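When reading the values below, keep in mind they use all heavy atoms of this one structure, side chains included, and skip hydrogens, waters and symmetry mates. Bear in mind the structure is a predicted one, so any value in this text is a computation, not a measurement. Read the numbers this way: they start at 1 and go in the same order the structure lists the ligands and their atoms.
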Amino acid sequence: MIYLDNNATTRVAPEVLDAMQPYLSEFFGNPSSAHGLGREMKRAIEHSREQVANLIGATETSEIVFTSCGSESDNWAIRGVLATQPNKKHIVTTQVEHEAVRNVCRLLETEGYEVTWLGVDGNGELDLNELRSALRPETALVSIMMANNETGVLFPIEEIGRIVREKSEAVFHVDGVQAVGKIPIDLKSTSVDLFALSGHKLHAPQGIGALYLRKGLSLPSFIIGGAQEQGRRAGTSAVPNIVGLGAACQFAVEDNNHDLIERLRNRLEDEILANISNARLNGSPDRSKRLPNTSNISFEYVDGQNILMHLDEAGICVSTGSACHSTTHESSPTLRAMNVPFTAAQGSIRFSLGRYNTDADIDTTLNVLPTIIEKLAAMSPYEKELAALR
Ligand code: PLP
């Protein structure tokens, strides 16, 4: 199998599994227990907290709270901020956020909040002047992602943070789920107040996430119960997963191979765009404005689901847009916001590489893809349009 779907989820790294193993066998205690076994569990959690804080450049380990996933972190951040400022009813976000932010904001609109949905241009980039003019005294929250899950486009979080501070008193939440482990992050040099991350995007298991809360910021607990996580998130800690997340963060710091991944991604992208006549890139052509692992490419006038199925038969895993909407047939909101025509959006494929990909994976993909596209193009009702592209 050739796995080019790392933005959907990643394989648990063997190093991460090794670190978790003792916490799935001999260290089985409850970290809230006062005995030695409980204390060992607590020590392991605090060690992981340091590893997470170190990867994202938090100032203090207490700024990290473990959650169950990126979606929980995003939901808690948004709901929590609004609960602390009941008189402010305005939110600023973008049209290209993941559902974990977008659908919460949509729901909030039905609960009396006003949401400003910032648009993007054809490259998937924001207009910061639009952000400047959206901010007002009653803006409670600005929620903007660091890296787009579908296109890999990066938003300039430092600059956005400066604008938010200059022009408002809003709290600044960043969905960092796709960025962590893929690019260097140093939150202490930004004005980010809340930052969500998720273990399964960086070779930790599924079911573990974290929320960074800048020191001094306090949110009401999202899950009510015991006093775990310093009273900020109830529920017995998932120690094996927490240990896995910590180990994955450490691994990302010590053995980052962003350059290799980027080289492979560039090769894949360059050759597809050069050799397949109906291929077009979705996202900024300036690669410094995209994650190093992601290429979202439309094969115009061809159906993306069919491409995915043929690649799957060849043992190659990719996504059409985001995995989360692979079951619906609407084109993705991100591509719609970028004004990608329907006939191109329907044929979009996201290739997202990871640390276990090799040149041989790229060779095979480049070998089989043109034949698949040719075959599907021959069946396309858009014969004339395809001929014009050749
Ligand atoms: N935010 C972004 C940008 C994502 O890509 C995802 C998952 O794909 C999430 C949030 C949700 O994370 P989780 O799957 O851990 O709930």
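At a threshold of 4.5 Å between side-chain heavy atoms, the hydrophobic network of Ile, Leu, Val, Met, Phe, Trp and Tyr places Leu202 and Val243 in one connected group.
Residue Ser198 approaches ligand 1 through these ligand atoms, each under 4.0 Å from one of its heavy atoms: 13 (P), 15 (O). Of all atoms in ligand 1, numbered sequentially from 1 with element shown, those under 4.0 Å from a heavy atom of Asn149 are 3 (C), 5 (O).
Within the structure, the salt bridge (charged side-chain N to carboxylate O under 4.0 Å, His left out) test picks out the following pairs touching residues 105-114 (sequence neighbours left out): Arg79-Glu111, Glu114-Arg136.
With a 4.0 Å cut-off on non-hydrogen atoms, Val101 does not touch ligand 1 at all. Of the heavy atoms in Lys201, only side-chain atoms (C-beta onward) come closer than 4.0 Å to ligand 1. Contacts between Glu97 and ligand 1, counted as non-hydrogen atom pairs separated by less than 4.0 Å, are absent for every part of the residue.
Atom 3 (C) of ligand 1 has its nearest heavy-atom neighbour, among Asn7, Ile208, Asp175, in Asp175.
A tilted orientation is assigned to the rings of Tyr301 and Tyr382, their planes being inclined by 30° to 60°.
Within the structure, ligand 1 lacks Glu72 among the residues with a heavy atom less than 4.0 angstrom away.
The side chain to side chain contact (heavy atoms under 4.5 Å, CB included) search around Leu154 returns Ala147, Ile183, Leu291, not counting sequence neighbours.
Residues Thr61 and Glu46 have side chains that never bring a donor and an acceptor to within less than 3.5 angstrom of each other.
Considering backbone and side-chain atoms alike, Met145 places every N or O at 3.5 Å or more from each N or O of ligand 1.
For the pair Arg355 and Phe251, the cation sits on the ring face: its NZ or CZ lies under 6.0 Å from the ring centre, inside 45° of the axis.
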